[in-house]
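Scroll down for the structure; my scribbles are underneath it.
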Amino acid sequence: MHRAVLETAHAIAAKYLEEVASRHVGGMAARESLKAALGGPLPKNGTDPVVVLNDLATCADPGIVASAGPRYFGFVTGGAVPVTVAADWLASAWDQNTCLYVMSPAAAAIEDAVSGWILELLGLPRGASVGFVTGCHMANFTCLAAARHAVLRRLGWNVETQGLQRAPRIRVIAGGDVHVSAVSALRYLGFGTDEIDLIPVDAQGRMRADALDAALRRSDAPTIVCTQAGNVSTGACDPLDAIVKSAHAKGAWVHVDGAFGLWAGAVPELRALVEGIEGADSWATDAHKWLNVPYDSGLAIVADAAPHRAAMSMKASYLQRGADEERAGGDWVPESSRRARVLPLYALFRSLGGDGIAAIVRRNCMLARRMADRLSAESGISILNDVVLNQVLVRFIDDHTTGRVITAVQAEGTCWAGGVMWRNNQAMRISVSNWSTTEADIDRSADAILNCFRASSQEPS
Ligand SMILES: Cc1ncc(COP(=O)(O)O)c(C=O)c1O
């Protein structure tokens with residue numbers, strides 16, 4: 001019976017992935033019809049598991065977004081390289097808990113191996129500690145908890161035991177375009193949003209190093225500087241080299257939110273964008289974006305393992321560790337019980353190698369420029385950002401037309417892109433982050449977008 005159930009899921013998944021590139025990219029179903037198909041009263045009696053899976057696939061299908069496919073350009077969304085999907089199935093089948101070494105020696109060894117590979121590929125300090133978390137949001141939380149610990153510890157205050165309420169005041173500095181997840185992480189850590197000292201940014205959203213320097217000079221308080229590699233709209237990276245130098249001169253902790261931009265560090269010709277990154281104190285990134293492993297997968301990396309462990313680890317008499325336990329996965333993450341989400345990463349690194357991973361990043365950036373060139377050749381269309389990475393901001397004449405084109409593109413279904421307000425201008429936001437996107441996908445999508453634009457500009461407003 002086990003086999004029949006697993007083979008049913010395998011057949012559904014394989015068919016889906018074979019067809020994903022030819023689906024209408026957006027979700028097709030209305031909310032009410034999905035609720036009717038998938039909801040209903042609490043099932044009182046059981047149903048044959050094979051029937052359950054087949055029904056699930058049929059009923060969910062109209063509401064499935066082809067975000068794993070090559071022409072989904074929404075948000076910043078990676079697909080999943082097939083071997084990583086397969087390894088993810090193993091994570092579920094083996095169902096390992098990666099909290100302690102004794103719970104899964106294999107998962108602990110794999111986390112160790114993959115940590116080393118990640119640090120090497122990104123050119124980060126080899127002694128840094130790595131936590132395998134759900135995404136960059138939790139990675140930001142984890143790293144900033146380590147930062148909070150470290151800057152107070154230097155003043156003799158242990159925030160883990162003494163708390164924050166009577167602690168010396170910490171100053172938190174971030175660029176004006178700080179990602180909302182870093183702000184949210186700071187909130188979880190006891191910092192109010194009004195307390196964040198926002199530094200002016202340039203036209204691409206990069207923190208201005210001169211303004212940061214001036215702000216740093218204004219106070220000697222323990223300081224955390226939250227920087228960004230990869231602005232969520234433009235892809236621009238803060239001038240990390242200058243930031244690290246002036247922040248460290250003042251004893252501040254430098255955190256880098258590099259959900260996708262950190263991976264520029266893996267590509268020699270893009271590395272200049274993140275020059276100086278190795279000098280920071282902590283780095284948060286996603287694997288489910290540019291590493292193209294399935295959700296959910298993020299990485300919290302801290303140069304000095306001690307504050308990382310101090311901020312995250314727990315002790316209880318029943319959580320007994322083996323005598324030879326070096327690594328407990330739970331020491332580096334906010335969760336205790338946790339799946340072996342490192343397995344897809346292991347499979348990715350083994351099957352593509354560092355060069356193969358870098359090739360995805362490089363190709364996506366090239367394709368983003370191709371998209372920008374195709375669209376900007378049309379009169380009435382402008383590209384609002386410098387396309388330095390994989391992000392393209394497109395404006396169609398004015399706010400109204402841009403909104404109409406976004407709606408039309410989503411309904412047409414060749415590709416999917418969302419919208420953003422960029423410096424008070426409505427823009428279409430295109431993010432090329434999928435391992436399987438080709439030049440042909442870009443050309444087909446550009447044609448579809450151009451057709452929607454031409455049709456929208458002819459309609460009465
Ligand atoms: C710069 C940046 N930081 C953090 C995040 C949050 O990542 P996640 O939603 O994967 O946790 C994102 C998501 O797009 C991002 O672009």
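Small disclaimer: the values here were computed from a predicted structure and weren't measured. We count ligands from 1, going down the list as the structure has it; atoms in each ligand are counted the same way.
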For Arg154, look at atom CZ and say whether over 12 heavy atoms of other residues, nucleotides or ligands are found less than 6.0 Å away.
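More than 12 within 6.0 Å, yes.
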
Does Phe75 approach ligand 1 within less than 4.0 angstrom via side chain, backbone, both or neither, non-hydrogen atoms only?
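Neither part.
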
Is the closest basic N to carboxylate O distance between [X] and [Y] below 4.0 Å?
X	Y	result
Arg374	Asp447	yes
Asp441	Arg71	yes
Glu160	Arg153	no

Compare Ala284, Ala259, Ser181 and give the one whose heavy atom is closest to atom 6 (C) of ligand 1.
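Residue with the shortest heavy-atom distance to the ligand atom: Ser181.
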
Of Lys289, Gln391, His288, His179, which has the heavy atom at the shortest distance from atom 15 (C) of ligand 1?
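Of the listed residues, His179 has the closest heavy atom.
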
By number and element, which atoms of ligand 1 are closer than 4.0 Å to a non-hydrogen atom of [X]?
X	value
Gly135	11 (O)
Asp286	7 (O), 8 (P), 10 (O)
Gly230	1 (C)
Val232	14 (O), 16 (O)

Taking atom types as modelled, is there a side-chain donor on Thr234 or Gln391 under 3.5 Å from an acceptor on the other?
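No, Gln391 and Thr234 have no side-chain donor paired with an acceptor closer than 3.5 Å.
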
Any side-chain donor near an acceptor of the partner, Asp286 and His288, under 3.5 Å
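Side chains of Asp286 and His288: pair found under 3.5 Å.
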
Under a heavy-atom criterion of less than 4.0 Å, does Gly298 contact ligand 1?
no

So, 4.0 Å and heavy atoms of Met138: is ligand 1 close enough to count as a contact?
no

From Arg370 CZ over to Glu439 CD, what is the distance, rounded to the nearest 0.5 angstrom?
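Between atom CZ of Arg370 and atom CD of Glu439 there are 4.0 Å.
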
Ignoring angles and geometry beyond distance, decide whether Asp257 reaches within less than 3.5 Å of ligand 1 through its nitrogen or oxygen atoms.
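Yes - when backbone and side-chain N and O of Asp257 are compared with those of ligand 1, one distance drops under 3.5 Å.
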
Identity and separation of the nearest protein heavy atom to atom 11 (O) of ligand 1
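The closest one turns out to be His137 N, 2.8 Å.
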
In this structure, is the centre-to-centre distance between the rings of Trp332 and Phe132 below 6.0 Å?
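No, too far apart.
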
